[in-house]
Number of protein chains: 2
Amino acid sequence: MEKDTIDEKQAVSDAEEMRILEENNIALTKAMRIIGGKWKLLLLNSIRRDCPARFGELRKKMQDITHATLTAQLKELESDGIIERKAYPEVPPRVEYKLTPLGITLVPVIEALCAWGEGYPDK
Amino acid sequence: MEKDTIDEKQAVSDAEEMRILEENNIALTKAMRIIGGKWKLLLLNSIRRDCPARFGELRKKMQDITHATLTAQLKELESDGIIERKAYPEVPPRVEYKLTPLGITLVPVIEALCAWGEGYPDK
DNA sequence: CAGAATCCCCGATGATACTG
DNA sequence: CAGTATCATCGGGGATTCTG
């Protein structure tokens, strides 16, 4: 391995730093796109605690969420592979949601956010 | 300790579940309010890697961010107690940002999100 | 070089009504 | 009970300009 001038070594190091930073940015952006919705984290938290969760249950727990919005957010989480939707062909209709294996990998992240939020001073 | 009917015990247990859920929701909402901005996580990630970070450096690393938006986001992070701003009365002006102790408690959360995002399938 | 003030746009949510 | 469709709304953040 050739030894170059300090400036050149520094340049290489900087480039490496930038590459890592860039990868982090991509990862963080992906994560935010998925869990960044106004209700996503709350929904995931509910579903993980009460799994499987029914549509009506989630509606009650989220209090302020609209029927249409709830459907939309769940649909997004589903198409992102985080939750799984199962409809029972009964009458009245019943639909249950639960975390997929991929969704389960999110649980530690949710817990971390939760714990941090609890520790954050209210003021 | 008195033993009640199963139904009543179940009711108590449900109420407790709801309380925990509610607290989680508050915590998650707080967390999202603070780190939920479009650039917040990216900025924090940059600052933690290169601390203190200069305004101009951050601008370069964030590529697409606008001058005004960068100022705004940094200001919010500052008023939320996550970062600290230090201006040097020189010419040309120089401003440095670094994590506060409270901001440092966010690092594990950022790392968790980052790691999760890296593992998320691209498709 | 960094910040403040303005204006403006677009997309995420909310409201409402109808369907199976 | 749950989903879909449509329209209305609101606010975060982008563009621009001016200042020290």
Side-chain angles (χ1 to χ4, degrees), chain A residues 25 28-47 50-80 82-99, chain B residues 25 28-47 50-80 82-99:
Chain A
N25 285 357
L28 287 170
T29 303
K30 271 197 289 183
M32 280 307 286
R33 189 188 60 72
I34 293 169
I35 65 170
K38 182 169 175 182
W39 303 93
K40 299 279 177 69
L41 283 175
L42 304 187
L43 287 173
L44 291 174
N45 191 48
S46 266
I47 295 175
D50 182 28
C51 191
R54 296 193 48 180
F55 185 90
E57 304 283 318
L58 292 172
R59 182 130 171 55
K60 273 176 222 138
K61 286 171 182 165
M62 297 298 106
Q63 311 229 118
D64 291 346
I65 199 172
T66 292
H67 195 109
T69 301
L70 177 54
T71 302
Q73 302 269 312
L74 288 169
K75 207 164 165 185
E76 285 183 22
L77 287 172
E78 188 194 1
S79 77
D80 283 333
I82 307 299
I83 63 176
E84 187 187 328
R85 176 182 184 275
K86 180 159 189 181
Y88 296 84
E90 306 171 350
V91 47
R94 185 168 112 245
V95 182
E96 290 181 348
Y97 296 89
K98 65 179 190 181
L99 297 180
Chain B
N25 284 358
L28 287 170
T29 302
K30 270 197 291 184
M32 280 308 285
R33 190 189 60 72
I34 293 168
I35 65 170
K38 182 169 176 184
W39 303 92
K40 299 278 177 71
L41 284 175
L42 304 187
L43 286 173
L44 291 174
N45 191 47
S46 267
I47 295 174
D50 181 29
C51 192
R54 296 193 48 182
F55 187 90
E57 304 283 318
L58 292 172
R59 180 130 173 55
K60 276 177 218 136
K61 287 172 182 165
M62 297 298 106
Q63 309 227 120
D64 291 344
I65 200 172
T66 292
H67 195 109
T69 302
L70 178 53
T71 302
Q73 301 269 312
L74 287 169
K75 206 164 164 187
E76 285 181 22
L77 287 172
E78 188 195 0
S79 77
D80 283 332
I82 308 297
I83 63 176
E84 187 186 329
R85 177 181 184 276
K86 180 159 188 181
Y88 296 84
E90 306 170 351
V91 47
R94 186 169 111 242
V95 182
E96 288 181 349
Y97 296 90
K98 64 179 192 183
L99 297 180

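Bear in mind that the values here come from a model prediction, so they are computed numbers and not experimental data. Throughout, protein chains are lettered first and strands after them, A, B, ... in sequence-line order, and every chain is numbered starting at 1.
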Checklist entry - Are A:R59 and D:dC1 close enough that a side-chain N or O sits under 4.0 Å from OP1 or OP2? => result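 Looking at the OP1 and OP2 atoms of D:dC1, neither is under 4.0 Å from any side-chain N or O of A:R59.
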
Checklist entry - OP1 or OP2 of D:dA2 less than 4.0 angstrom from a side-chain nitrogen or oxygen of A:R85, does that happen here? => result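 No.
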
Checklist entry - Measuring from A:L42:CG to A:I65:CD1, what's the distance to the nearest 0.5 Å? => result 8.5 Å

Checklist entry - To the nearest 0.5 Å, how far apart are OG1 in A:T71 and CD in A:E78? => result 11.5 Å

Checklist entry - With sugar-phosphate meaning primed atoms plus P, OP1 and OP2, does B:Q73 contact a base, only sugar-phosphate, or nothing at under 4.0 Å between heavy atoms? => result sugar-phosphate

Checklist entry - Which is it for B:L77 and B:W39 under the side-chain contact (heavy atoms from CB on, under 4.5 Å) test, yes or no, and what are the steps along the way? => result CA-CA 11 Å; B:L77 287 172; B:W39 303 92; over 6 Å; no

Closest to the [X] side chain, choosing from [options]:
X	options	answer
B:I65	D:dG14, D:dG3, C:dA4	D:dG14
B:Y97	D:dC1, C:dA2, D:dG13	C:dA2
A:K38	C:dT13, D:dG3, D:dC1	C:dT13
B:T69	C:dC1, D:dG14, C:dG14	D:dG14
B:A68	C:dA2, D:dT16, D:dA2	D:dT16
B:P93	D:dT16, C:dT13, C:dA2	C:dA2
B:V95	C:dG3, C:dG20, C:dC1	C:dG3
A:T71	D:dC1, D:dT4, C:dT13	D:dT4
B:H67	C:dG3, C:dT13, D:dG13	C:dG3

Without decimals, in angstroms, what is the distance between [X] [atom1] and [N] [atom2]?
X	N	atom1	atom2	result
B:E57	C:dA2	CD	C1'	14 Å
B:D64	D:dA15	CG	C1'	14 Å
A:E78	D:dT4	CD	P	10 Å
A:L74	C:dT13	CG	C1'	14 Å
A:K86	D:dG3	NZ	P	15 Å
A:E76	C:dA12	CD	C1'	9 Å
B:E90	C:dA2	CD	C1'	13 Å
B:I35	D:dG12	CD1	P	16 Å

Next on the checklist: side-chain contact (heavy atoms from CB on, under 4.5 Å), that's the test. Do B:D80 and B:R33 meet it? Break it down for me.
Outcome noted: CA-CA 10 Å; B:D80 283 332; B:R33 190 189 60 72; 3.5 Å; yes

Checklist outcome for this item: 5'-most contact on DNA chain D (nearest-nucleotide basis), A:R54 vs B:G37, goes to A:R54

Item to check | Presence of salt bridge, B:E96 and B:K98, under 4.0 angstrom | outcome: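 The answer is no: the pair does not qualify as a salt bridge.
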
Next on the checklist: A side-chain contact here means heavy atoms from C-beta on lying under 4.5 Å apart; do B:V95 and B:L58 qualify?
Outcome noted: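 No, too far: nothing below the 4.5 Å cut-off.
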
